[in-house]
Amino acid sequence: MAVIARLGREQIDGRPLYQYRIDLELLAGLEVLINHPCSTDAQKILALAPVAAARFASNYDDGVPAWAHCGAEVERLYRTNQAKFRTLMELSLGRYGVPIVKRPDADLLLETIICQAGLPSGMLRQGRALRGVVDELMKRVAQGSDDPLGEASSLITAAVERGDGRQGTKLRKAYQEAGHLPQLCVDLVAAIIQLTQRANWAGGSLDALWEIPDWDIELPFRVDQAAARVIVSQLLDVAITATGGSGFAIERVLSVQNGEWTLRTRAAFPGEGVDLPAEDRDVVSVHYTVGQEPVSEAFRIRRKDGSRYTLARAVQDLPESAADRPVSLALQDAGGYTALDCAGGEPLDEDTPWVFESRTGEHVYRAPAPVRLRVSELMVAVPDGTEVFGDAIKTSRSLSLKGVARALWKVTGKARFTGKDGEPALVQAGYTGPQAYLDFRGRSPSFKVHGFSAVFLGNPAPRRIGGLSGRIEWRKVGSPTWNSAPIRAETGHLSFRLVDADGEVLAERRRVFVLPECFRPEVTNKSTSFKLPPSFEVRGRKPDPSGAYVLDFGQASRLEVVLSTAGSDIEITFERPTPAAFIDVATGEETSSGKRKISSRAADLIRAYSTLHDHVEIRRASDHWAAVYSVDLQNNKLNISELKAFREALSFHPRGRTHALTVQFQNGPAIEIEPYRIQRKDGRLTVPGADSDIRIQLRSLTPLGNGQPQTIDLDRIDTENWLLPETDGSLYLAIDTTYQAAPCLVASAAGDKGGEGTFLGAIAIGQESERERALIELYERIIENPHEGYASVELTTCLKWLGDFQFSLAWLDPFLVLSASPPLALRMLSLSRILGEVQAEQGLRWALDGVPFFWHRVTPGELEALMSWVGRLYGQRETEVVRSLMDEMAIPSRMRRPDVLRGVHRLWRDSWHTRVIEWGNSFDRGHELRGPALADTSNSLWKHLEGHVIGEQFLVRPKAMPETVSVFRTYLLAPYELALATALGIEMDRQLRDDLLFARHMIDPAQFDDAYCAGLALLENIR
């Protein structure tokens, strides 16, 4: 009988060395054999490879791997006789059936040991290639990947091929050649998840894991417990983050206001922030997308010094609920929009119950029934005809969406909901088991689909959200068998479920329809055409000889098509594109003739589409029809949200009276964008197009004796109107407490006329010009000496008031007079930072950011004078505080370094010229985009530099610009026209100023600002 070779109690069978379960006592005994004078070569061969692999796994921390990391005894033998060492090591590896890796110019034996050692904690450091592989695998498995081994193999291949030249960023080729690394990574991830299941751990402290006897034996390789704790804790952190998706999510929120239930859609952002490794900007704008079309801004995020991104601007709701449309998020950048991985946001299925989780006065949608959740109370919105049994109470009111009512049921235990299809769905509140959801990352179609909300083109990419374990299974409708194999080319009506190791169902999605990935309809104003695989057909239609279906619209505006496949049908609606229209992407409503008035909030949901025009025209509604700015369509369309920055700048009024704007196709339909704000009409306040959650409150602009402003909550008369009560004659501000609608002043004719002696008295002055004069005199007295008794008291009052009204400052005179005077505004902003008045500082910064070209008027001379003023009144320490404040803002931070700016003037000028020419060429605009009148205004401005040598540095014609083109009719000089007017104190013509706003916002704001700053640094000393 053959003798079975063993290592300890385990049979030697050719497996990787890290898989042998040898305890530390046996390992120490083997280590002694390596250099013991009485050891035979056979004993050394038995010990050498497993000891080297085990010690490397425990010892390696960082740096270039070497034999020293394999333990003192291994290194000692290596240094004593390298030739013999290599012979013994090669024989030892052969004894264990370990193939020696092949890699040019490397120590092949050491590379082999490294690959056999498992995953040393040092190689799992942040930034190391192997850490990146395991992190990403842990993330994908935590999200419900159905092929972890395939995922691991592709990640390892990618890590071997890439690298940025730094040590550790490229995975060793030897790992790939060893062959067992993918399974090792999968085993590690599976072991950690198994460990959490044994400890019944669902988050928080890891003590429950460490208390399990011999918990580290779960790992598929041997390292000491300290190293094992590091590996487990780090990967669990990755997994917990991953089960929440990218951190971005879309929430459907059910709430009640004044007895009326409404459904809102909003973005969710994690409080701890997010990492965006591919993003290098410090401030990023995140927009909603509806049906893959970018619409309004959801929020802005900011990071400092390379840290995680956190909220810079509060989350805004989507203006429409868009319950029947897919909603997601996208990053806005210079090239357009980049989709974000975002949980939730799929359309709500009209035929299934919607389950909402109760949370602090509102209810957040979690999943369609069936579902089981831990919270003790759930709200379920059900379609008409649904039968309900169990622990459920019907509420007295219902939710109405687009005229269709859904009854609302409160569930406190187990309830069964049976719809028209006769299939019961269990909803359970107070569930004590693991809570998880199924989410899908597949590509949604842009056309309308009926009967299903979860519809995807190709692989729906199911994933698990909210848990670390669970197997995703699927089956075709009508099939009794569930399948856990990866879903690849399956199409039709599918069901999905998430089950635990015991087969218990944790989550389920019954109505998912998958269309063929090749289904790409082409829609024109005459017909719709597409091809289908043999398993699909169009009911009642036949394909042409080429296999394509061509379906004519005829006289209809839409085309209803039923696709049939084995056991299931799906109805699709194709809309005939109108020649020119403004389309609400959330509701589908079109404006194809005449003019429609909409609010500025709703404007972000509008898409302009035309096959007859190549541009839209935008202007102030009060301006002459010829004072328009042309914005080109791309692929026959333009999302009005892309014009938001320019719209806000064009609608700005220095007295807080926002201009209405008109966007129009030439000789075609138009929309008039009115400010979304509170308006006073007789004895009521009105908000046209008001959302149901808006609450109007009056706040007195002069506080009560306790220093707090008096507040009065108004009663809502109907959807858009609130009753205005009798007041005591004080000056009030009507505000929307949700900060969606802009505020409105409410003054009584019999009110206090105020006085000039104090800040609050100046606010109450009825005559506008007198009020402005009094406020300016007060500010000037404060900044002259903030330490003086009267000034100090008024400064405290002023900053407190600015903080109280921080969200409304853009419409109030105490701010508006500051925005007209950069020296006053900078000093009051600096005082708010010095005195620690955070709310006043935030309010001033937000409001100043909204004033067109305000920061451009902060010149190097202004900053120098500001620092001198701070130093004189507060000393060097506070000067550094204010300098730090200025460095937080893009333009002032550059203006502090005029010498540097002068040095980059030519570079930034040429970059701006290149960008202007590229922009003109990309839309076939040509070069002369300004009319003769504007060219004359520009030419007149430049005459102020006649005879001055510095003018030659600006009036430069790029080589790509034909000699026949007048530079004054181009945008080549736009940043420098603003710089020249600022440096010389010239009051700019309004039309030229608007034209510069257009150039900045529509061509490239960053490059415009670069060129402007460098130009102003050159021009500032020419007066």
Side-chain angles (χ1 to χ4, degrees), residues 279-284 302-307 334 822-823 825-827 829-830 833 845 848-849 852-872 876-916 942 944-945 948-956 958 971-986 996 999-1001 1003-1023:
E279 186 57 62
D280 58 2
R281 293 172 293 169
D282 289 333
V283 179
V284 180
R302 174 188 289 122
R303 68 176 175 189
K304 292 183 180 179
D305 305 323
S307 59
L826 290 178
R827 282 157 178 75
L829 179 61
S830 299
R833 170 63 67 93
R845 289 180 63 171
L848 290 171
D849 285 345
F853 290 145
F854 172 82
W855 294 114
H856 295 77
R857 291 185 285 154
V858 179
T859 67
E862 292 283 6
L863 289 171
E864 186 177 341
L866 174 66
M867 299 306 165
S868 175
W869 175 80
V870 176
R872 175 171 56 84
Q876 184 60 34
R877 179 177 177 182
E878 300 304 338
T879 301
E880 292 303 319
V881 170
V882 174
R883 185 170 285 117
S884 174
L885 171 63
M886 294 298 108
D887 282 343
E888 292 174 12
M889 289 165 279
I891 292 180
S893 66
R894 296 180 191 175
M895 290 302 187
R896 286 187 49 239
R897 301 165 180 84
D899 292 339
V900 175
L901 291 173
R902 295 184 192 107
V904 296
H905 161 67
R906 290 189 178 184
L907 174 64
W908 286 357
R909 179 198 64 198
D910 294 345
S911 295
W912 171 253
H913 286 178
T914 300
R915 184 69 187 97
V916 170
W942 284 104
H944 289 85
L945 285 185
H948 202 297
V949 67
I950 201 172
E952 298 175 0
Q953 298 192 46
F954 298 106
L955 299 172
V956 175
Y971 286 119
L972 296 173
L973 303 177
Y976 307 114
E977 291 167 355
L978 179 62
L980 183 58
T982 302
L984 299 182
I986 299 171
L996 298 184
R1000 178 181 186 270
H1001 289 290
I1003 298 178
D1004 193 313
Q1007 291 201 25
F1008 181 100
D1009 292 347
D1010 286 345
Y1012 168 81
C1013 290
L1016 185 61
L1018 282 174
L1019 289 166
E1020 196 183 15
N1021 297 322
I1022 67 172
R1023 284 201 234 186

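Owing to the predicted nature of the structure, the values given are computational and were not obtained by experimental measurement.
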To check you understand the geometry: which heavy-atom pair defines the closest contact between [X] and [Y], and what is its length?
{"X": "Pro892", "Y": "Trp855", "result": "CG-CE3, 3.6 Å"}
{"X": "Tyr976", "Y": "Ala1011", "result": "CE2-O, 3.2 Å"}
{"X": "Gly951", "Y": "Leu945", "result": "CA-CD1, 4.0 Å"}
{"X": "Ala979", "Y": "Gly1015", "result": "CB-C, 4.2 Å"}
{"X": "Ser830", "Y": "Val882", "result": "OG-CG1, 3.4 Å"}
{"X": "Leu973", "Y": "Phe954", "result": "CD2-O, 3.4 Å"}

Are the side chain of [X] and the backbone N or O of [Y] linked by a donor-acceptor pair below 3.5 Å?
{"X": "Arg827", "Y": "Pro823", "answer": "yes"}
{"X": "Thr982", "Y": "Leu978", "answer": "yes"}
{"X": "Trp912", "Y": "Tyr971", "answer": "yes"}
{"X": "Arg909", "Y": "Gln953", "answer": "yes"}
{"X": "Arg833", "Y": "Leu829", "answer": "no"}

Can you label the angle between the Phe853 ring and the His856 ring as parallel, tilted or perpendicular, going by 30° and 60°?
perpendicular

Is there side-chain contact between [X] and [Y], with at least one heavy-atom pair below 4.5 Å?
{"X": "Tyr1012", "Y": "Arg894", "value": "no"}
{"X": "Pro898", "Y": "Arg902", "value": "yes"}
{"X": "Arg281", "Y": "Arg303", "value": "no"}
{"X": "Ser911", "Y": "Asp1010", "value": "no"}
{"X": "Asp849", "Y": "Met889", "value": "no"}
{"X": "Val858", "Y": "Ile891", "value": "no"}

Go through the steps for Thr859 and Leu863 under the test side-chain contact (heavy atoms from CB on, under 4.5 Å), then give the verdict.
CA-CA 6 Å; Thr859 67; Leu863 289 171; over 6 Å; no

From [X] atom [atom1] to [Y] atom [atom2], the distance as rounded to the nearest 0.5 Å:
{"X": "His905", "Y": "Leu1019", "atom1": "NE2", "atom2": "CG", "answer": "8.5 Å"}
{"X": "Leu1018", "Y": "Ile950", "atom1": "CG", "atom2": "CD1", "answer": "5.0 Å"}
{"X": "Glu864", "Y": "Met895", "atom1": "CD", "atom2": "CE", "answer": "14.0 Å"}
{"X": "Glu878", "Y": "Leu885", "atom1": "CD", "atom2": "CG", "answer": "12.0 Å"}
{"X": "Glu862", "Y": "Met886", "atom1": "CD", "atom2": "CE", "answer": "11.5 Å"}

Could you tell me whether [X] and [Y] make a salt bridge, using a distance below 4.0 angstrom between a side-chain N and a carboxylate O?
{"X": "Arg1000", "Y": "Asp1009", "value": "yes"}
{"X": "Arg896", "Y": "Asp887", "value": "yes"}
{"X": "Glu888", "Y": "Arg845", "value": "yes"}

Heavy-atom neighbours of Arg906 CZ exceed 12 at 6.0 Å
no

Tell me whether the count of non-hydrogen atoms from other residues, nucleotides or ligands lying under 6.0 Å of CZ in Arg872 goes above 12.
yes

Test of understanding: with ring-ring contact (aromatic ring centres under 6.0 Å, His included), list the residues that count as partners of Phe854, not counting sequence neighbours.
none

Of all residues at least two apart in sequence or in a different chain, which pass the ring-ring contact (aromatic ring centres under 6.0 Å, His included) check with His1001?
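Here no residue qualifies.
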
